[in-house]
Amino acid sequence: MPLSYAVDAITEAVEQPEVTGDLLVDTGIVLGFAAPALLLGAATLSRRTP
């Protein structure tokens, strides 16, 4: 579940003053889901311009 990774990343960012490996992994997983979803939506959804 990408949302649980997002929550873990935010929790890690709040608890740790520096960037940790867990933060990078969680952020990478969230971006790994978000980027293809945005690209797929941009490629398949039609525009509704007048």
Inset, instruction - Mind checking the OG1-CG spacing from Thr44 to Leu40? Nearest 0.5 Å is all I need. - result: 4.5 Å
Inset, instruction - List, by chain and number, the other hydrophobic cluster members for Leu23, where Ile, Leu, Val, Met, Phe, Trp and Tyr join if side-chain heavy atoms come within less than 4.5 Å, directly or indirectly. - result: Val19, Leu24
Legend entry - Inter-residue atom distance Asp22.CG - Thr11.OG1, 0.5 Å rounding: 11.5 Å
Legend entry - Residues that, via side-chain heavy atoms closer than 4.5 angstrom, fall in one hydrophobic cluster with Val25: Tyr5, Ile29, Val30, Phe33
Legend entry - Interatomic spacing from CG in Asp26 to CG in Leu31 - rounded to 0.5 Å: 11.0 Å
